[in-house]
Each structure stands twice: as C-alpha cells, then as structure tokens.
Amino acid sequence: MTAGLRQFGAVLAKDARIEFRTRDIVYTMALFSILLVFVFAFAFLSDPSRTRDYGPGIVWVTLLFSATVGQNRLFDRERENGCLWSMLLAPVPAGVVFAAKATGHFLFTVAMAAVTVALIVVFFDLRVLDVGGFVGSLLLGTAGMSLVGTLFSAMLMNARMKEVLLPLVTFPVLVPVVIAGVKVTALSVGAPLQEDAGAWLRFLLGFDMIFGAVTVLLFGRMIRS
Amino acid sequence: MGRGWTRWIGAALAVAALVTMLAALYAIFFVAPLEMTMGIAQKIFYIHVGSAMNMLLAFGVCALAGATFLAVRAPRARAMADAIGVATAEVGVTLGAIVLVTGPLWARKAWGTWWTWEPRLTLSLMVFLLFLAYLALRAFAGSDRFGRGVAAGLSIMGIPAIYFIHFAVERWGGAHPQVVYKGGLTVPGMKLAFWLSVLAVSLVTAALAYQRAVIETQRQAIDALFLELDRREGLP
Amino acid sequence: MRSTRSRVARVLAGLVLAAVASAAVAGTALAQEEPRDKAAAGAWDGSWRAGVDDSARDVVSGETMVVVAYGAVWAILFVYVLRLAADIRGLRRETEDLKRLVAGQGGKPPAS
Amino acid sequence: MGGPEHGIGLVAERLTRIIGRRHVLRDVSFRAGAGEVVAIVGRNGAGKSTLLSLLSGRQSPDRGGVRVESDGRVLSPRESATVVGFLPHDLFLYPDLTARENLAFFASLYGVRHADERIPLAIDAIGLPRDADRPVRTLSRGMQQRAAIGRLMVIGARVWLLDEPTTGLDEPGRAWLAATLDAAARRGVLVATASHYRAEVEAATRVLVLDAGRLVLDVAGGADGATRAFEVIEGGIVAARGGAA
C-alpha cells in the first residue's frame, strides 16, 4: 500500500512541477473562465436584484467549461513523448496513475475556480450567506468533473476530435453534478427554494464516491483493451 | 451461426414484431377508450412510453455487452459482445428519436408546451445523448479494439450515470419527487393497449437489433477472411 | 457507372426526405405559434410544471398530433431499415472484392 | 553467451499482432537469455517496432504471448514490469522536466532503492553532467537519447528494449552507445534493439530478420551474420525462403 502512495505522490509531484514550470493548464483555464465571466456579465440583461436566480448557473457553467478545457490539456505533456505508457509500463497499478492525474486536475481546477468564482461573486453581487455549502458544493462538484473528465481525456489523448468528443461524452454524465451544484449554490446565496442543501451535498458526495470507484476500475481495463 | 439458421430467426422476429404492432395499433385505436382530458391525443402516450422503456432496456443490454467486451479475453466472445453493443446502441438511438419526436407532440397537448423538463422526458433525452456519445466514440476514438473499449467503458459508466440522472431529475423540480404522469391507465382497455404496445416495440427493437448484430457479425467474418488472405499472401 | 448514379440518387432521396421532414415539423410549429408572454407570476418554485400553459393546449387538434406522431414513428423506423439495407449492400460489395481477390485477379485489398 | 537457464530470459511464443486487416506480426517465436545483444533488423514496416512494443507490454498480442523468466522461473506481470526497460522511438521522457528530474521521477515510480546515489552515477555514465539540469526539451536529439538510456540504467532494468536507439546520435554517440550496450550485456542485461546500421548488427550476439511481419532469419551475430541478414533484407522473401529452409 505504501508503494502505491509513494507512486501516487511521485506522479502528482511530477505534474505539479511541470505545471509550476509551464503553467499552461492553470493559465488556459483561468483565462478561459475569466473571458466566460465577462461574456456572461454582458449577456444577461442583468436586473441587479435578480442575480440570485442566474448567478449560481453562471458559476457552474463557467466551472464545467473551464474544467473541460483544462482536461484537454491535462494529457498534452503525456502525449508528447508517449509518457502515459512510460508510467503504465512501470510496476504501478493503472488506477494509481489515474488517481494521481485526476487529483492533479482537481487541484488545478480548484486553484482556477477560487479566482473565477470570486470574480463572479463580485461582478454579480452574490451575497454568499452559507459559505460552507457554497464552497462544499464547488469542491465536490469539481471532484466529480475531474474523475469523469480525466478518464476520458486519457482515452481521447490521441483522438482527432477530442475537443468535441470530451464534452459530448462527459456532459451527459455530469448533468447530475451540475443540477446538484446549482441547487446548493442557489440555496447558499439565499434563493427561496424549500430544499435541503445537505441532501444535495450528500448526493454529490455519493456521486464522487461511486464514480471514483467506477473510473479507477475502468481506467486500467479501457487503456489496455 | 449457419446462414439459414440466422435468417430464420431474423424473419421470425420481424413477423412477430409486425403482427404484435398491428395488434397494438388495433388495441390503441379501437379497444382503448378515449381519455377524458386529452382526447385522442392521449393515444400518442402508448408508443411514446413503450419506446422510452425499450430504450432504457437497450441501454442496459449495451452496458452488459460493454462489460463483457472489457472483461472477457476470448476473441469470439468479445466479437459477439461488440456486435451486440453496437446493435443495441443504434436501435437505442432510433428509439430515442421516436421518444423525442412523440414526446413534444404529447407535451404540447398535455401541457401546452413543446418541451418541459418533466422527469421521465428529461431522462429519455439524457439516455439518448449517452447513446449518441457511445456511437461517436466508436466512430472517432479509433475503429480498432481500443476505440471499442472506450465506448464499452462509457456504456458501463452509463448505468450509474442513469441512476444519478434519474435521482437528480426527479428532485430537480423541488425536493418531493413529482407525481409522474401515469397517462391515466385506469381502464382495462387502456392497460391492454399499453402493454401490447410495449411488447410490440420490444419485438421491433429485438428484430432490428438482431438484424444489425447479424450484419456486424458478417462484417467481422469478412474482415477475418481478408485477414486470412493477408496471412496466405506471404506463403509460397 | 451504375454505382455512382445510384449513390447520387440515394443522397438526393435522403436530402428530399430530410427537407420534407423538417418542413413538416417547422410547419406545425409555426402554424399555430401565437405570441404568449409568460410573465413569471411569482418566484419559480423550482418545479417543471411552471411551464404549463393551458391556453395553448387545444390550439392544434388532437387528430393532427396523433397522425404526425405515428407518421413520425413509421418514418424513423423506415429510415433505420433503409440504413440496414445500405449496410447489407456494403457487405455485399465487400464480399465481391473478396471474391475477386481470392480468385487471384490481383488488386490491393481495400484499406480496412 | 549466458545460458538461458540462469539470469534473466525473454521468451516470445507465436506472437501475432493484427491491425485492421493486416498481420503486422505473424507467429514470431524466439528465446533470448541474459548477456545476449539481439539486433532486430528488417525493412520499414517489417514489424520491428511492433515486436518491441509487444515484448515491452505496450501493446498486447492478438495471439501468442511474451514471458519474462528469471533463473527459469516465470515472472508475474508486476515483476516483469520491474525488470523490463523500454526505450521507444518517442523516448518516454517528459520534455518540460530536466534529465535529472526525469531520472528521479522514474526512480521513485519504479521504487528504486538509494536512488540518490544511482542518479548521479547514471548522469555521469551517459555523459550529461553539464546538461542534466536543463529541460529535456532544450537538449539535442542525441542528448535526449542518452538521457533516455540513463532512465534504463537508473530503474535497474535487466531487459533493455531499444527502438532504433542510434537515431540522432553522431559518430562518437554511436560508439558510446555500442560500448554502453556491450557493458550492460556483460553485466547480464539482455539487450534487444531494432536497428538499421550494419555496425550495430555486427556488434550483436544474435540477429533476427523480420520481413512483412515474419521472422525469416535467426542467426548468430558478428560479421557473417550481418552479411546474411542484409542479403536477406535486400533479396526480399524469395532468397530467404531458399536460404533458411
């Protein structure tokens, strides 16, 4: 077990080091998300009192699209010298390699989301009442996106049309995450929905756990099929 | 599977499907009484829900085929699983088209709008999208074993995905699960029409999927023959 | 020569079919679309039923809807059967290639 | 030549790889033991890279199999992964990491003990002390090649599979490579390289000639082995059929 953890750490550290040096994933996601926020700011006929209605939607659309843009870049460094197989041919369980890459994407996306969501809160004047629910939903939602997205961005690494295929494949699976996420975010900024944010957070947690297991198990099988 | 044997099954399924479909249509239009609130438009309901249920069933079979494709090593079993996977996916998309055409027509009469995010209608849309993604993966992610393996992986992941979509969509319109429109199947005549149309659509699905699977198996056989030619090419 | 002409014919048929289908759908949609402002009464209670608009329910007669619905069902199934027929024709063509190769008339096997 | 019984051994059994409707590799079988330097030669598209890819586990065969043995015992997939080192055409190195960082990463991935001593040794052995701390992307192809071989050294691979390792190497580089492979073989490493150069084939202890996916010649290396091999490649299938039957 400790070997697995060490290898997990090695892959994650490698990705962090490359990301720190090139910064291409975080920059790509940050720039894309900031542009998206501007577009939303101008696109909505913003009746300032009603931002509570569409604010949460903007947060989650920005998060989903930026995470997907980041996914496409996540394996570029592996694609260049065939390095994905340099890891898979090592005495390392494929699931460990997958988990490390997914965690890497999760951390980069959370770093980006911190900036972007702060911008949205400012631009759209969202008064966050329940910060715990707000941040919790973002973390759990991003985890779900990282798990599902990383699995398919690894598989589509060499596919010609991966920019189209990745959203086409992952968005239907991630619809529940967006539904739950928007619910909790809306509740946390005071939307008058008679719903229990806790239930939706547990739903997101359940999603992450089940899809965590499914993606880790499927990765090894799919990459070698 | 010998040629005669497969042709016989294909024909039997097609005939059964046609007969049952005609019986179902008879039951829908001549046995089932008119429903009070919606009148004749309610008759769309039978084929709409029949198709939706069979689309879900097709997705389940596709996921099973995908699991077999990834789990099993024997080439023959994998080829068969692959054929069933693509067959159920294509017929599933066809059923999805039916559901997404009859759905809005039904919604227009039932609720006055072409589209509502009614839980079951939304779930059908998502299953349709998952099938499209499956076929897109088979087409663009590599026509070799790897591309099929990725598509198989998506079909397996589709099962928990559908569960979570169903759960979320049910509660999307407020915490309490919506009272899902039952189509007013109160009268025995209506129940007969409903179950007959579900059976009819199932047989149509089976007939089309069987035919598509046979085509895929034959395509695999032709590939094997080309391979055999290639194998012999080098020998003296 | 025959094969290219039939392929062109088939493409034309497909286009005509698609045009007719989309015209029909657009027609029914536009035919009875009249302005309908959905002033949001109160705050949305989150339910999909908020979209229900009873005034528009009986604009198109039930009979038309049923005919269009069942017509569409048969059309979609028919399109798929055509697709299967095309697949079978494709298989037959590949078998011909195979027979030609096996009979040793040369020619490269078609790229897989 | 080390006997196949003791030390590391690599066994390929009826390896067949099909891509689309073509046999890229047809029924290739051979056994190689510790200390052997096997040169795999053949025209482009003969299946050299595919064979190495199958031997390394990068691709799985459609028929047949690969076994790694140590002192006669068949190793598990996990154990095999520990002892087999693969240097493909695309090098398996992260371009944005420096040579040293690459070696450190793979050392921890392979769970190499006292890596902090092995890495400097490897860097000196591959002749990159000055450039070890520049991103691999900025190195020349030859230097990247050396760094990639350093990776095999650091992870302590006992089977080296190299796909055209001499590409991009200048004359001194090629000489260095020949010496390095020879030293490794003497240490009991089983070396298998896909190559074009006559010098490499002559230096090999064994030559496998592939043509259209078939193993058409499996003879001892050295001068005459190389001559026969290249005759076969130029002569095409007919000459080999006569010669090898």
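The chains referred to below are lettered A, B, ... by the order of the sequence lines, with proteins before strands, and numbering in each begins at 1. What you are looking at is a predicted structure, and each value in this text was computed from that prediction instead of being measured.
Proximity to chain A is limited to the side chain of D:Phe86, based on heavy atoms less than 4.5 angstrom apart. With a 4.5 Å cut-off on non-hydrogen atoms, A:Val11 touches chain D through its backbone and its side chain both. Of the two parts of D:Thr98, the backbone and the side chain both hold a non-hydrogen atom closer than 4.5 Å to a non-hydrogen atom of chain A. Heavy atoms of D:Ser60 lying under 4.5 Å from chain A belong exclusively to its side chain. Neither the backbone nor the side chain of D:Glu79 comes within contact range of chain A; no heavy atoms are under 4.5 Å apart. Neither the backbone nor the side chain of A:Ala3 has a heavy atom closer than 4.5 Å to any heavy atom of chain D.
With a 4.5 Å cut-off on side-chain heavy atoms, A:Val92 and D:Leu109 count as touching.
Between chain A and the options D:Ala104, D:Pro95, D:Gly57, the largest number of non-hydrogen pairs under 4.5 Å is found for D:Pro95.
Counting all heavy atoms, side chain and backbone alike, D:Phe92 lies closest to A:Gly82 at CE2-O, 3.1 Å. When all heavy atoms are compared, the tightest approach of A:Cys83 to D:Tyr94 is CB-CZ, 3.5 Å. What you find for D:Ser108 and A:Arg6 is that their closest heavy atoms are O-NH2, 3.0 Å.
Summarising the geometry, atom OG belonging to A:Ser86 is positioned 11.0 Å from atom CG belonging to D:Leu91; distances are rounded to the nearest 0.5 Å. Note that the CZ atom of A:Arg224 and the CZ atom of D:Arg58 stand 10.0 Å from one another [nearest 0.5 Å]. Distance check, rounded to the nearest 0.5 Å: CZ of D:Phe106 to CG of A:Leu89 gives 10.0 Å. Rounding to the nearest 0.5 angstrom, the gap separating the CG atom in D:Asn102 from the NZ atom in A:Lys14 is 9.5 Å.
Counting non-hydrogen atoms of neighbouring residues, nucleotides and ligands closer than 6.0 angstrom, the CZ atom of D:Phe30 exceeds 12 such neighbours. For CZ of D:Arg14, the number of neighbouring non-hydrogen atoms (other residues, nucleotides, ligands) closer than 6.0 Å is 12 at most.
At least one donor-acceptor pair closer than 3.5 Å links the side chain of A:Arg21 to the backbone N or O of D:Asp96.
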Just do the side-chain hydrogen bond (donor to acceptor under 3.5 Å, both in side chains) check on D:Tyr110 and A:Gln7 with the steps written out, would you?
CA-CA 8 Å; D:Tyr110 278 75; A:Gln7 290 158 340; over 6 Å; no
